[in-house]
Amino acid sequence: MQIYRKNVAIMAYNDRKDRILNLLDINDSLTLHQLVEQLGSSVATIRRDVTMMEEQGLLERYWGGIKKVDTPETIRKTGLKYQKTPDCLERIGRIAAEQLQDNELIFIGSGMTTLAMIPFIERKNIHVITNGIPQLEALNRKNIEALLLCGFYKEYSHSVVGKETVEMLRGYKFDRSFVGAYGIDDQYSPLSADTYEDTIKTLCIKNSKSVYLLASHDKFNRTAYYSIPTELAREVLIITDQEDGRSRGWRSMDGGCIGRVGTLAGLSEK
């Protein structure tokens, strides 16, 4: 009985550890209160977990919360905010912008990949709703009318999130939505790192005539706690810089490719 309880405790810790690391992928830091809210565990449990994770070199603690360990990978991710847009994202952005038509209401989500499409927008009378602050600034430079949703500031993605963001977004119907992805799993399901990101994607699928998931090739074959079922996302169009090689459903376009989730996953036509 004692061995059984120990094994269960280890499994529960590993699950919480993976979820904490997923959250740190999109947030440079998290407070203890945020961790308790996201994981639904007690303060004592979270404190014990983050102590163990710090001992394993997975994160750093500070008074009242945790932050990422400074590794070459995290430094690279942070640096992308200030460096030239990588060529692969420019190719994705160009293809995404080509999908637009004049006089459309669109949603552009936060993240580097969606930001890359804005310089290529040439359509007239486009109206944009966004939760990304860099997106708002880039749209303003292009003289494109844009509305920033309200919510709490998320430092890592320079975006706004929260219940207010979701409720405000729920009131719009879009011609097209363009969202980034934490990842795409082996069934081509869109992945998210937290509940708000997942809800925003789900609302876009329900409230948009067309939804585009913008993701570089290194986002494929990932796993995450939050995922949208392939069946729900079957009409979502993935735009990426190169095929993942597991499906013949890709169509080459302007230095990248595009594919419908249902086709890529081999779902039968309705």
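These values consider heavy atoms only, across backbone and side chains, with no hydrogens, waters or symmetry-generated copies. We're numbering straight along the sequence, starting at 1.
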Crowded around [X] [atom1]? As in, over 12 foreign heavy atoms under 6.0 Å?
| X | atom1 | value |
| --- | --- | --- |
| K17 | NZ | yes |
| H127 | NE2 | yes |
| F120 | CZ | yes |
| Y153 | OH | yes |

In plain terms, say whether [X] and [Y] are close enough for a salt bridge, that is, a side-chain N and a carboxylate O under 4.0 Å apart.
| X | Y | value |
| --- | --- | --- |
| K219 | D185 | no |
| R260 | E235 | yes |
| K124 | D102 | no |
| K142 | E137 | no |
| R94 | E98 | no |

How about [X] and [Y]: do any of their side-chain heavy atoms sit closer than 4.5 Å?
| X | Y | result |
| --- | --- | --- |
| I238 | W250 | yes |
| V236 | Y212 | no |
| L203 | K201 | no |
| I20 | I66 | yes |
| D175 | S210 | no |
| T202 | D198 | yes |
| V166 | Y196 | yes |
| V128 | F178 | no |

Would [X] end up clustered with [Y] when hydrophobic side chains under 4.5 Å apart are linked, directly or stepwise?
| X | Y | answer |
| --- | --- | --- |
| I144 | L115 | yes |
| M112 | V161 | no |
| L149 | F152 | no |
| L100 | L147 | no |
| I228 | L264 | yes |

Return the minimal non-hydrogen interatomic distance between [X] and [Y], and the atom names on each side.
| X | Y | value |
| --- | --- | --- |
| S216 | L89 | CB-CD2, 4.2 Å |
| A181 | A215 | CB-CB, 4.5 Å |
| S177 | S208 | OG-OG, 2.6 Å |
| Y62 | L30 | OH-O, 3.7 Å |

Check for me whether R246 meets the cation-pi criterion with Y188, that is, NZ or CZ under 6.0 Å from the six-membered ring centre and within 45 degrees of the ring axis.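 Yes.
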Any chance you could measure [X], atom [atom1], to [Y], atom [atom2], to the nearest 0.5 Å?
| X | Y | atom1 | atom2 | result |
| --- | --- | --- | --- | --- |
| C204 | I108 | SG | CD1 | 11.0 Å |
| D218 | C88 | CG | SG | 7.0 Å |
| I126 | L105 | CD1 | CG | 9.0 Å |
| L169 | N207 | CG | CG | 7.0 Å |
| M168 | L148 | CE | CG | 8.0 Å |
| T130 | L139 | OG1 | CG | 6.5 Å |

[X] side chain to [Y] main-chain N or O, any donor-acceptor pair under 3.5 Å?
| X | Y | value |
| --- | --- | --- |
| T230 | Q187 | yes |
| E104 | Q101 | yes |
| E197 | S192 | no |
| E167 | E164 | no |
| S42 | T45 | yes |
| N131 | V160 | yes |
| T165 | C150 | yes |
| S41 | I46 | no |
| R91 | G255 | yes |
| R176 | K209 | no |

Checking side-chain polar atoms at under 3.5 Å, does [X] have a donor or acceptor matched by the opposite partner on [Y]?
| X | Y | result |
| --- | --- | --- |
| Y182 | D194 | no |
| N103 | N125 | yes |
| T114 | Q135 | yes |

Given R248 and E243, is the side chain to side chain contact (heavy atoms under 4.5 Å, CB included) satisfied, shown in steps? CA-CA 9 Å; R248 297 182 179 179; E243 299 178 13; over 6 Å; no
Could you go through M53 and L21, starting from their C-alpha distance and side-chain angles, then the distance that decides it, and tell me whether this counts as side chain to side chain contact (heavy atoms under 4.5 Å, CB included)? CA-CA 10 Å; M53 292 177 70; L21 291 175; 3.7 Å; yes
Let's go through L23 and Y225 carefully: what are the C-alpha distance in whole Å and the side-chain angles of both, what is the deciding distance for side chain to side chain contact (heavy atoms under 4.5 Å, CB included) to 0.1 Å, and is it a yes or a no? CA-CA 10 Å; L23 289 169; Y225 187 78; over 6 Å; no
Dump the intermediate steps for side chain to side chain contact (heavy atoms under 4.5 Å, CB included) on L214 and V179, then the final yes or no. CA-CA 6 Å; L214 313 186; V179 295; over 6 Å; no
Run through V261, L191, L213 and flag the one making a side-chain contact (heavy atoms from CB on, under 4.5 Å) with I184. L213
